[in-house]
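For reference, the structure discussed in these notes is given below.
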Amino acid sequence: MGRGVIVYTRIIEDPFKTIDRRGYRWFGTLVVEIDKRRVHLLMTGSISQWFSKGEKVKIMLKNEPRKIEDVWILGFNDYELYRIWGEDQVKVWPPWSSVTRLPRYDPLGKKTVYEYTVVAREAVSEEDYMEIVGLEQYHYASKEEIVAIWRCPVCGEYVEANIQPLCPRDNIPMKLQEIRGSLPSSRFLVLELVNRREYEPRIVGYVRVDTPIPLMNRRLPDGSIEKMIREKVFPSHWFHPTYWPTALEEKKPILKRYRELYNLYRSRRLARAIVGEEVSSQALRIANTAAARIARAVVHPDYRGDGLGVLAVKMAIQWIKERRIPEMKKEKHIVETIAMMARYNPFFEKTGFYYMWDTGSGRPVLMYPLTSTARERIESFLRSDKYAKLHGGKLYRSRYGVVEKLSAPIEIKNLTKIFSSTLDVDRLPRELRDILIAFGVERRTIEKYILKDVNLKINPGEIVIVVGASGTGKTTFLRMIIGATDPKRKDDPRYKPSKGKVIVPENVRIAYLLPGENEPVFGAETLLEHLSSKIGDPAAAVETLNMVGLGDAVFYRARFNELSTGQKERAKLASLLAEKPNLLIIDEFTAHLDTLTAQRVARKMGVLARKAGITLIAATNRPEVIDVLNPDKLIYIGYGTAIVRRL
C-alpha cells in the first residue's frame, strides 16, 4: 500500500464515543479498517462527530499508516477523506482552505492603494478557537457579558469566563469547551492575515455556520404572525431534520437535567450548553438539511467597513457549497441568516443575499441561493408575495444619504495674509533678557507673508489636500476659508485676510476641525447618543460611526473619555460628519492614527465625500493618506505661495 492508493472502507467505531468532549473541536478521530488493520484517522472532532459507525468512506493515502504504541495512525497530513453520500463523494478532509486577495481602491476606483492577502479556512486548532473567543469579546464586550465556557480537564468542573481561567479546585488552566451561543454542531471559518505586520492580529474575522433553525414564522406589517413561512416558499426537506437537541423525543429527561444543572451552576447559559453537549450525539446523527445558516459573522473592529465582512461571508458561502457545511451530507440549496444588524450594515446584501421577511420576533431574514432552483423560488416569492413586492428583496437603505452640494465654487482672489510680531525683551526676567541681548536681540518687529496674492478655485464636491512644511501656512490657509464661512469667526483677526477675499456660495454648510482650536464638544453621553442628537436618526448615527472605523457595539455605547487617542480622532470625524456638512475642513487629518488605520479611515472618508457630495479640504503631509484619497487637487503652501496641482 503506497502513496496515492485509494481505499474504500467503513467506520468501525462510533466516532462520538472516541472523542474526548473536552477540546473536541480541535481533536477527534475516526477508526476505519485498512488491510485488516484498525487505523485511526486523526482529524478535528468538529468533523469526525458527524459520522456514524458502519458508514462508508473513501480514503486517498498520502502516506502509509504508521504504528505508534500498538496503534495504527494516519496523521493530519497523511490522507484525504471523502464521505460517500448516495451517489456523491463529499470531501471532508483536509479542512477547507482558500487564499484570496482583497485589493482596496482609491475613492475613484482607479488604482489599488493597499491590499489584504487572506487565508479563509476552517478553524482547526485550540489557538484558532481562542482567537475566536477574543473576537467574540470585541463583539459583545461588557462586564456583564460572558462569551466562553471552560471545563477542567481533571475534575470536569465548568466555569464561564472571557479569558482562560484556572480551575477553582485543581488550580490548573481550564480548557475551552464552548463559545457563547454556539452549538456542538457549529462550524467555524476564520480569516487569517498573510504577510501581516508584527502588531496586526493573526485572525481578523470569523464566520460561524450552523444548521437552519427548526421553525420560522413571519411578522406581517400589521403585527400578525404567519406560521411556517419558510415551508410555503421552499421544500420542507431543505430545512428538516435540523440539529436541534430540544426537538428530540426525550424532552422530559432533558428538561429535568437542565433544571439540575441550573440549580448547580445558577446559569441558564451554562446549563443549556452542558445539556446540548449531552444530547448532541443523537442530534448530530439526525441532522440532514439542504440549507445552512450563517449564525455569526464577526470582523475585528479595526478592520470593519473595509470589505473584510463581505469577504468573510463570500468565503463562507464557498465553503458551504463545496463541502456541504455543516453536516457534509445533502447538496446545499440555500444559506439563510437572521441578523438585526443587516438593517444598519449592508455586507450581507453586498454578498448577494436577498431580504425575505422579518421573523415573528421582528428580526430580518436574508437568504442566498446556492442553486438555480433556489434562486428561482426566491425571485418568484419576491415577485408574487404582496408584502415582499414592497421591498423587492432589499433591506438596507443608507440613512446618511447625500448633502446639498455647494451651489458654486469657493473662489480665493488675491488673498494675502501677513504675519506681524514684535519681540520686546523688556518684559522678560533678567536672566532670560541677558541671554537674548547676548544674541543681539533687544527689540525686533517681524513681518512676513504667510500667503501672498493667492488665486485659486475649489469646485463643489472636490477633494482637496493642503500640504506644506510645518509652520508655512497650511492652517492659516484653512482659517481664511473658515473665516469667510463661519459667522462666529468674522471678528477673529486670525480668520481675516490682510488683503483679498474668499468667496463662498450662499448654501455653504461648514463643519471643521482645527486641533486645539475648534473641535467637537463631547460630554458624558455615549457616542451613539452624541451622534444621534446631531444627525437626528440613530440608524444614521450607527452608519456614521461605521464610516470612521468605529463599527462596533462597544464603541456605540462608549463615552468619549473612554476612547484611545486614535479612537478619539475618529469620533471627532464622526461628529463632524453627523452635522451633514457640504463643506468639511480638517487640519492635521489622521495625525494620530497608525499607517494602516489612517489609510482605512482616509479611504472611507474619500468614498463618503464623493458619494454624498461633500467638498473635503484636508491638510496632511502623509503620502499614504494622500495616495488613498486620490484628491482632485493638491495645494502646496510655503513661504507665501500657494501652488495648485491638479491630479
Side-chain angles (χ1 to χ4, degrees), residues 1-84 89-97 119 121-132 150-156 164 167 170 172-178 184-188 190 192 202 277 280-281 284-285 323 325-326 328:
M1 182 167 38
R3 182 182 179 88
V5 170
I6 294 176
V7 177
Y8 289 89
T9 185
R10 293 185 182 275
I11 299 169
I12 58 177
E13 285 190 21
D14 182 352
F16 201 85
K17 293 179 179 177
T18 65
I19 298 173
D20 184 345
R21 300 307 289 177
R22 288 168 286 191
Y24 74 96
R25 288 200 181 276
W26 51 87
F27 189 78
T29 183
L30 287 179
V31 183
V32 299
E33 186 175 48
I34 301 178
D35 283 352
K36 298 182 180 180
R37 302 172 183 164
R38 293 168 55 86
V39 179
H40 292 249
L41 310 181
L42 302 187
M43 59 171 57
T44 61
S46 59
I47 293 177
S48 67
Q49 66 178 355
W50 289 96
F51 286 83
S52 301
K53 182 179 179 180
E55 190 172 339
K56 192 174 181 181
V57 295
K58 169 186 166 183
I59 303 170
M60 188 175 78
L61 297 176
K62 295 181 178 180
N63 294 298
E64 292 190 14
R66 57 187 183 275
K67 197 172 186 180
I68 301 177
E69 295 182 356
D70 296 326
V71 178
W72 289 97
I73 287 174
L74 282 171
F76 293 104
N77 301 315
D78 291 336
Y79 66 97
E80 289 183 3
L81 179 67
Y82 297 79
R83 177 176 229 156
I84 307 299
Q89 296 182 2
V90 184
K91 188 173 184 178
V92 300
W93 191 266
W96 188 86
S97 178
V119 177
R121 59 174 178 79
E122 181 165 10
V124 294
S125 67
E126 185 174 7
E127 291 74 20
D128 287 344
Y129 286 98
M130 296 285 257
E131 295 269 12
I132 290 169
W150 310 78
R151 192 178 184 187
C152 177
V154 175
C155 69
Q164 187 176 30
C167 175
D170 298 297
I172 61 171
M174 303 184 78
K175 289 290 186 180
L176 178 64
Q177 182 70 18
E178 205 53 86
S185 56
S186 301
R187 304 281 290 273
F188 291 84
V190 296
E192 183 174 7
R202 181 174 67 92
E277 276 290 334
S280 58
S281 174
L284 287 163
R285 289 189 176 94
R323 297 291 181 95
I325 301 303
M328 306 167 293

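What you see below is based on every heavy atom in this structure, not just the backbone, and it leaves out hydrogens, waters and symmetry mates.
- Evaluation of the ring pair (Phe, Tyr, Trp, His ring centres under 6.0 Å) rule for Phe188 yields Tyr129, Tyr206 as partners, not counting sequence neighbours.
- By the salt bridge (Lys or Arg N to Asp or Glu O under 4.0 Å) test, Asp128 is found to be paired with Arg121, Arg202, residues two or more places apart in sequence or in another chain being considered.
- Residues satisfying the ring pair (Phe, Tyr, Trp, His ring centres under 6.0 Å) criterion with Phe51, sequence neighbours excluded, are absent altogether.
- Every residue meeting the side-chain contact (heavy atoms from CB on, under 4.5 Å) condition with Lys56, not counting sequence neighbours, appears here in chain and number order: Tyr8, Arg10, Ile84.
- Under the rule for a side-chain hydrogen bond (donor to acceptor under 3.5 Å, both in side chains), the partners of Lys58 that lie at least two apart in sequence or sit in another chain are Gln89.
- Taking Thr44 as the reference, Ser46 meet the side-chain hydrogen bond (donor to acceptor under 3.5 Å, both in side chains) condition, with sequence neighbours excluded.
- With sequence neighbours left out, Trp96 forms a side-chain hydrogen bond (donor to acceptor under 3.5 Å, both in side chains) with Glu322.
- Residues satisfying the salt bridge (Lys or Arg N to Asp or Glu O under 4.0 Å) criterion with Asp170, sequence neighbours excluded, are absent altogether.
- For Lys53, there are no salt bridge (Lys or Arg N to Asp or Glu O under 4.0 Å) partners, not counting sequence neighbours.
- Judged as a side-chain hydrogen bond (donor to acceptor under 3.5 Å, both in side chains), and not counting sequence neighbours, Glu33 has no contacts.
- Scored by the salt bridge (Lys or Arg N to Asp or Glu O under 4.0 Å) test, Glu127 finds no partners at all (sequence neighbours excluded).
- Listed by chain and number, the residues in a side-chain contact (heavy atoms from CB on, under 4.5 Å) with Glu80 are Met60, Lys62, Tyr82, Lys91, Pro94 (sequence neighbours excluded).
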